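Taking it in order: structure first as structure tokens, then the write-up.
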Number of protein chains: 2
Amino acid sequence: MVTRAGLNPDVVLDAALTLFARRGYHGTALSEIAETLQVRTPSLYNHMGSKHDLLLRIVDRTTAGVLDDFHRVLDPDDPPAEQLRRATRVYAHRHATHRREALVVNRDTSSLSEPAIGEMQARRREHEHALRAVIARGVEAGDFHVESPALASFAIRELCVSIARWFSDDGALTAEEVADQYSGFALRIVGAS
Amino acid sequence: MVTRAGLNPDVVLDAALTLFARRGYHGTALSEIAETLQVRTPSLYNHMGSKHDLLLRIVDRTTAGVLDDFHRVLDPDDPPAEQLRRATRVYAHRHATHRREALVVNRDTSSLSEPAIGEMQARRREHEHALRAVIARGVEAGDFHVESPALASFAIRELCVSIARWFSDDGALTAEEVADQYSGFALRIVGAS
DNA sequence: CCTACCGATCGGTAGG
DNA sequence: CCTACCGATCGGTAGG
């Protein structure tokens, strides 16, 4: 029995997500989203505010999720190496399981308008600083060995982000396996023993 | 004495490069390029084929340069660790010194049309396989320790690519310093002793 | 190098 | 959910 689902905001957002990830925000026309959903373009406006609002919802949800993940897995009582492992594993895992979101955030956040663009960048900066602090504590404790925690933090974050560029559900490795391997890479980058 | 330079193909390409890197290919109008150069849009056509051709020239030149770099610095007589260091250092260095090109290639190659898009992807694959082969030889020699050379190759390449996202000529580190640090990260990722 | 102009398409609205 | 339509802008051409 085929479910004859009607249009709703979630379905429109999901179609937008797929197309924005594939062609980019400016490379996607609302008419393409409508075609995917087999309706005419004006019908979309019953389920969304505007094209810009679709992008904002995607970026907002994703950047908030990254911070939620981080604070959920971080235990201040853990040693720095375990903190870094857990923080990078959940970040890497997200980029394997939420590929489309990651591609859109990285490619098209700059297409938002103020004040949204500033707010979203602030969230990414918050995550970057939080990860950097973990690395700095590891260096102070003598567990990590890097010249610049900032450089290592940039490197590790972008390393995880890049998973979205090649990961496939049909590939040899599961999201969990990739996340484990990449958190291992992160520990190697900081020179953890 | 101000040089009153006339328009030429290189100047148009450079202006396109700056704007494509900032706003993306689909997010940039030819009228914006013209405005930058203080001419009307139709005048651009005396110095270029089409908007698509501008993108193709950027991607073509850059992907060819990456392969040239690789083969220029790779010495088959070097031990794997030195091969990996040199290959990643030149790749990282390029992403610090050619930021705009890197951003455009990574963001907008998919906006090319066939057969160009396939040809450009083939070049990136060639670089990926060449770097993977270096890693595989290091693993066979017992110098590197990774479960999957393919995964390590992806990781290291994307690590270098990400430099284009944050590097600044005004920052604390020079392109050479960043390249040295990042090639060190690469050696750590593969577990070189 | 310009003005004048082309058809196509864009995001979005009116009104039912 | 639709048809009909809006002004704006797109890449590109004609012709000088």
Side-chain angles (χ1 to χ4, degrees), chain A residues 2-60 104 107-114 116-117, chain B residues 2-60 104 107-114 116-117:
Chain A
V2 176
T3 303
R4 185 71 175 71
L7 226 51
N8 67 58
D10 288 340
V11 169
V12 172
L13 196 65
D14 191 76
L17 188 50
T18 296
L19 285 167
F20 289 173
R22 191 181 303 158
R23 307 189 200 279
Y25 176 69
H26 287 302
T28 301
L30 287 178
S31 60
E32 297 175 288
I33 297 173
E35 192 175 20
T36 292
L37 300 170
Q38 299 190 49
V39 295
R40 305 294 177 179
T41 304
S43 301
L44 296 176
Y45 283 87
N46 294 310
H47 308 285
M48 67 176 208
S50 65
K51 189 188 180 189
H52 180 272
D53 184 58
L54 288 175
L55 178 60
L56 177 57
R57 283 172 191 273
I58 291 167
V59 178
D60 177 59
V104 172
R107 182 174 178 157
D108 293 314
T109 292
S110 58
S111 294
L112 289 170
S113 53
E114 295 293 358
I117 186 169
Chain B
V2 176
T3 302
R4 185 69 175 73
L7 226 49
N8 68 56
D10 288 341
V11 169
V12 172
L13 197 64
D14 192 75
L17 188 50
T18 296
L19 285 166
F20 289 173
R22 191 182 304 158
R23 306 190 200 279
Y25 177 70
H26 287 302
T28 301
L30 287 180
S31 60
E32 296 176 287
I33 298 174
E35 193 175 18
T36 292
L37 300 170
Q38 301 190 50
V39 295
R40 305 290 178 183
T41 305
S43 301
L44 296 176
Y45 284 87
N46 294 310
H47 308 284
M48 67 175 207
S50 65
K51 189 188 180 189
H52 180 272
D53 185 58
L54 288 175
L55 177 60
L56 178 56
R57 284 173 191 272
I58 291 166
V59 179
D60 177 57
V104 172
R107 181 174 180 158
D108 293 314
T109 293
S110 58
S111 293
L112 289 171
S113 53
E114 295 292 358
I117 185 170

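Owing to the predicted nature of the structure, the values given are computational and were not obtained by experimental measurement. We name chains A, B, ... by the order of the sequence lines, and we start the count at 1 in each one.
Two residues are said to be in side-chain contact when any heavy atoms from C-beta on lie closer than 4.5 Å; B/L19 and B/R22 meet this criterion. When side chains are defined from C-beta on, B/D108 counts as touching A/R107, because their heavy atoms get closer than 4.5 Å. At least one side-chain heavy atom of A/L37 sits less than 4.5 Å from a side-chain heavy atom of A/L44.
Put simply, CG on A/L30 is 13 Å from C1' on C/dT13, counting in whole angstrom units. One can place CG of B/L54 at 12 Å from C1' of D/dG11, the figure rounded to the nearest angstrom. In this entry the distance linking NE2 of B/H52 with P of D/dG11 reads 14 Å, nearest Å. Rounded to whole angstrom, the span from the OH atom of B/Y45 across to the P atom of C/dC6 amounts to 17 Å. Atoms NZ (A/K51) and C1' (C/dG11) sit 8 Å apart, rounded to a whole Å. When rounded to the nearest whole Å, the span between CG of A/N46 and P of C/dG16 equals 16 Å. Rounded to whole Å, atom P of D/dG12 lies 16 Å from atom NE2 of B/H47. Between the C1' atom of D/dC2 and the CG atom of A/L37 lies a distance of 16 Å, rounded to the nearest Å.
The distance from atom NE2 of A/H26 to atom CZ of B/R23, rounded to the nearest 0.5 Å, is 8.5 Å.
Between the A/Y25 side chain and the A/S110 main chain, no donor and acceptor come within less than 3.5 Å of each other.
Taking only side-chain atoms of A/P42, from C-beta outward, the nucleotide of D/dC2, D/dC10, C/dA4 with the closest atom is D/dC2. The A/V39 side chain lies nearest to D/dC1 when the options are C/dC1, D/dC1, C/dG11. With D/dC10, D/dC2, C/dC1 as the choices, the nucleotide that has an atom nearest any side-chain atom of B/L7 turns out to be C/dC1.
Phosphate contact (OP1/OP2 of D/dG11, side-chain N/O of B/T41, threshold under 4.0 Å): absent. Between B/R40 and the phosphate of C/dT3, there is a side-chain N or O to OP1/OP2 separation shorter than 4.0 Å.
Checking C/dG16 for Watson-Crick or G-U wobble geometry (two distances, each under 3.5 Å) identifies D/dC1 as its partner.
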